[in-house]
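We number each residue from 1, following the sequence as shown.
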Amino acid sequence: MRQLAADLGLAPGTVARAYRELETAKLIHTRRGAGTRVAALPSGPKRPDPAQLARLAWDFASAPALWAPTPQPS
């Protein structure tokens, strides 16, 4: 993870958190010594969680505001 963090210019904790979230969502499987694998697709359709969709939409919509420069007084 340290190398991936360095390659991406991110903090190692950020990469570790991303891996934990992907594992929690059952999108990847990680085993010590065997690496990380992408999980198989689910067999049937799954209805999205409305609360999760709302949170993701909010995070996506508010992210550009975090990157905008702070206006400086004239």
Side-chain angles (χ1 to χ4, degrees):
M1 280 192 226
R2 286 189 198 116
Q3 185 61 52
L4 178 59
D7 291 347
L8 297 174
L10 299 171
T14 302
V15 173
R17 179 179 174 195
Y19 270 76
R20 281 193 309 272
E21 290 184 18
L22 289 168
E23 285 182 291
T24 299
K26 301 191 186 310
L27 297 173
I28 62 171
H29 299 289
T30 302
R31 286 191 344 207
R32 186 178 302 270
T36 301
R37 303 284 187 257
V38 176
L41 292 174
S43 59
K46 180 182 173 188
R47 294 186 58 88
D49 174 25
Q52 183 183 22
L53 289 176
R55 186 175 65 253
L56 290 170
W58 176 262
D59 290 348
F60 179 78
S62 61
L66 299 174
W67 305 329
T70 305
Q72 301 296 318
S74 305

For [X], check side-chain contact (heavy atoms from CB on, under 4.5 Å) against everything at least two apart and list the hits.
X	result
A5	P12, V15
D7	Q3
A16	M1, R20
I28	Y19, L22, E23, T30, T36

For V38, which fellow cluster members are found when Ile, Leu, Val, Met, Phe, Trp and Tyr are connected by side-chain heavy-atom distances below 4.5 angstrom, either directly or through intermediates?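 V38 shares its hydrophobic cluster with no other residue.
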So salt bridge (Lys or Arg N to Asp or Glu O under 4.0 Å) across residues 9-19, not counting sequence neighbours, yields R17-E21
